[in-house]
Protein chains: 2
Amino acid sequence: MTKRGEEIQRQVLAVLRQSSTPLSAYDLLDHLWDSHPKIAAPTVYRALAALTGRGSIHRLESLNAYMACQCGSHPHDSILSICGDCGSVGEQVSPDVLEILSGLAQASGFTPDRHVIEVHGVCGICTGGAGAA
Amino acid sequence: MTKRGEEIQRQVLAVLRQSSTPLSAYDLLDHLWDSHPKIAAPTVYRALAALTGRGSIHRLESLNAYMACQCGSHPHDSILSICGDCGSVGEQVSPDVLEILSGLAQASGFTPDRHVIEVHGVCGICTGGAGAA
DNA sequence: AAATGCAATGTTATAACGTAACAAGTACTG
DNA sequence: CAGTACTTGTTACGTTATAACATTGCATTT
Ligand SMILES: [Zn+2]
Ligand SMILES: [Zn+2]
Ligand SMILES: [Zn+2]
Ligand SMILES: [Zn+2]
């Protein structure tokens with residue numbers, strides 16, 4: 001996985017970092033075609049899998065899209081707040097929340113492994129700036 | 001003429017209630033074909049939209065699947081714990097967690113509207129009974 | 001170096017999920 | 001009945017994701 005794969009991954013990560021909103025796998029595919037003419041879907045999905053596995057990017061389950069990690073990279077789950085107006089996504093890290101959720105689950109015998117926490121709403125900019133109050 | 005839509009919705013709900021795991025829209029479509037030969041995808045999606053809107057069922061964003069509400073029906077968001085082993089899903093209601101999540105989001109100016117909380121892991125039965133050691 | 005074997009990558013095809021757009025039916029109104 | 005508004009059916013397509021297999025690159029052995 002040394003040569004080509006890493007280059008694709010770097011490019012995917014770069015595109016996601018430059019985007020103000022999450023991008024779908026096929027959005028990324030379009031971008032890649034600028035520099036790599038014949039990339040196909042599985043190539044992008046492989047890069048996305050590697051990057052998510054490493055924590056460099058996060059998948060938005062409720063959007064079927066991907067975003068760069070805003071903390072750079074981290075091993076834990078985070079809380080994503082998705083603006084339904086402008087599409088921007090904020091990332092929060094809160095061990096406390098994960099702790100509480102894990103506790104809740106464990107109370108019913110469940111052993112948590114991964115937390116998906118996505119909050120839909122309207123971001124501060126859209127609330128204050130343009131949206132109706 | 002009773003509305004056809006309501007009948008489909010009742011059947012979808014019944015199938016979901018009898019299932020021990022979430023079902024995809026196309027799984028449901030298969031079931032419906034037993035009694036309604038020519039149902040098409042949009043019909044199922046309309047029924048699912050009506051049922052989710054009413055809170056009778058929940059969509060699992062990280063699974064692209066649907067489950068019956070285990071509380072019968074409610075207006076608030078719930079916490080779903082998904083067993084990666086047997087596929088069963090547990091539902092917890094915790095206003096406190098929603099409160100905390102909303103607080104977190106609001107601290108950065110975000111106005112929450114809907115919470116997606118899905119915990120992946122292994123359920124008590126699979127942990128204790130047969131699954132892992 | 002040539003042969004071997006394995007893992008990464010490329011390629012094709014198709015599966016799975018979801019919706020737009022319009023046609024047809026139904027129920028009410030005047 | 002004709003007109004209207006709404007619901008349901010149907011077709012077709014768009015989007016998201018993966019299975020399966022071919023090919024390439026590179027290290028290890030001989
Ligand atoms: Zn992150
Ligand atoms: Zn916004
Ligand atoms: Zn419920
Ligand atoms: Zn289980």
Side-chain angles (χ1 to χ4, degrees), chain A residues 1-13 15-16 19 21-54 56-67 82 84 87 89 114 116 118 120, chain B residues 1-13 15-16 19 21-54 57-67 80 82 84 87 89 114 116 118 120:
Chain A
M1 61 112 160
T2 19
K3 280 187 335 197
R4 177 85 155 164
E6 282 182 5
E7 189 197 340
I8 302 283
Q9 289 174 33
R10 269 194 303 274
Q11 256 186 279
V12 165
L13 186 53
V15 172
L16 283 176
S19 174
T21 59
L23 299 175
S24 77
Y26 281 79
D27 290 339
L28 290 163
L29 198 46
D30 283 344
H31 277 95
L32 288 179
W33 279 339
D34 294 346
S35 46
H36 300 279
K38 281 284 295 179
I39 295 280
T43 300
V44 172
Y45 281 100
R46 288 199 267 245
L48 290 170
L51 290 165
T52 51
R54 183 187 314 156
S56 304
I57 68 175
H58 303 301
R59 172 177 162 82
L60 291 130
E61 297 289 350
S62 56
L63 255 42
N64 292 341
Y66 303 81
M67 63 182 285
I82 302 161
V89 178
R114 169 185 168 232
V116 174
E118 299 177 7
H120 291 251
Chain B
M1 274 310 245
T2 48
K3 291 188 203 168
R4 181 77 188 282
E6 284 182 2
E7 189 197 340
I8 304 284
Q9 288 173 35
R10 271 193 303 274
Q11 257 185 280
V12 166
L13 187 52
V15 172
L16 284 177
S19 174
T21 58
L23 299 175
S24 76
Y26 281 78
D27 290 338
L28 289 164
L29 197 47
D30 284 343
H31 277 96
L32 288 178
W33 280 337
D34 293 346
S35 48
H36 299 280
K38 287 277 297 179
I39 296 281
T43 300
V44 172
Y45 281 100
R46 288 198 267 244
L48 290 170
L51 289 164
T52 50
R54 182 188 314 156
I57 68 175
H58 303 303
R59 173 178 161 82
L60 290 129
E61 298 289 352
S62 55
L63 256 40
N64 291 343
Y66 303 82
M67 62 180 286
L80 304 172
I82 301 161
V89 179
R114 168 185 169 234
V116 174
E118 299 178 8
H120 291 250

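Protein chains get the first letters and strands the later ones, always in sequence-line order, with residue 1 at the start of each. Reckoned from all heavy atoms, side chains included, excluding hydrogens, waters and symmetry mates. Keep in mind that what you see is a predicted model, and the values were worked out from it rather than measured.
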Output the rounded distance in Å from [atom1] ([X]) to [atom2] ([N]).
X: B:Lys38; N: C:dA24; atom1: NZ; atom2: C1'; answer: 14 Å
X: B:Ile39; N: D:dT7; atom1: CD1; atom2: P; answer: 17 Å
X: B:His36; N: D:dT10; atom1: NE2; atom2: C1'; answer: 17 Å
X: A:Leu29; N: C:dT12; atom1: CG; atom2: P; answer: 14 Å

| note | Closest non-hydrogen atoms of A:Trp33 and A:Lys38, given as atom of the first, atom of the second and distance, are NE1-C, 4.2 Å
| task | State, to 0.1 Å, how close A:Val116 and B:Ser62 come at their nearest heavy-atom pair, and which atoms those are. | result | CG2-CB, 4.5 Å
| message | Counting only side-chain nitrogens and oxygens, does B:Arg4 get under 4.0 Å of the OP1 or OP2 atom of D:dG9? | response | yes
| query | How large an angle, rounded to 10°, do the end axes of the helix from C:dA1-D:dT30 to C:dG30-D:dC1 enclose when each is built from five base pairs? | reply | 0°
| Just by modelled atom types, is the B:Leu60 backbone N or O under 3.5 Å from a matching donor or acceptor in the B:Glu118 side chain? | no
| task | Verify, without hydrogens or angle tests, whether B:Ser24 (side chain) and B:Asp27 (backbone) share a donor-acceptor contact under 3.5 angstrom. | result | yes
| task | Would you sort out whether B:Leu80 and B:Met67 count as a side-chain contact (heavy atoms from CB on, under 4.5 Å), showing the intermediate values? | result | CA-CA 10 Å; B:Leu80 304 172; B:Met67 62 180 286; 3.9 Å; yes
| said: For B:Leu23, run the side-chain contact (heavy atoms from CB on, under 4.5 Å) check against B:Leu63, B:Val12, B:Val15 and tell me which one passes. | reply: B:Val15
| said: Once rounded to the nearest 0.5 Å, what's the spacing between atom CD1 of B:Ile39 and atom CZ of B:Arg4? | reply: 4.5 Å
Distances under 3.5 Å between nitrogen or oxygen atoms of protein and nucleotides 16-22 of chain C:
unit_1, atom_1, unit_2, atom_2, d
C:dC17, OP2, B:Ser24, OG, 3.4
C:dG18, OP1, B:Arg59, NH1, 2.7
C:dG18, OP1, B:Arg59, NH2, 2.7
C:dG18, OP2, B:Tyr45, OH, 3.2
C:dG18, N7, B:Tyr26, OH, 2.8

| Are side-chain heavy atoms of A:Leu16 and A:Leu51 found at a separation under 4.5 Å? | no
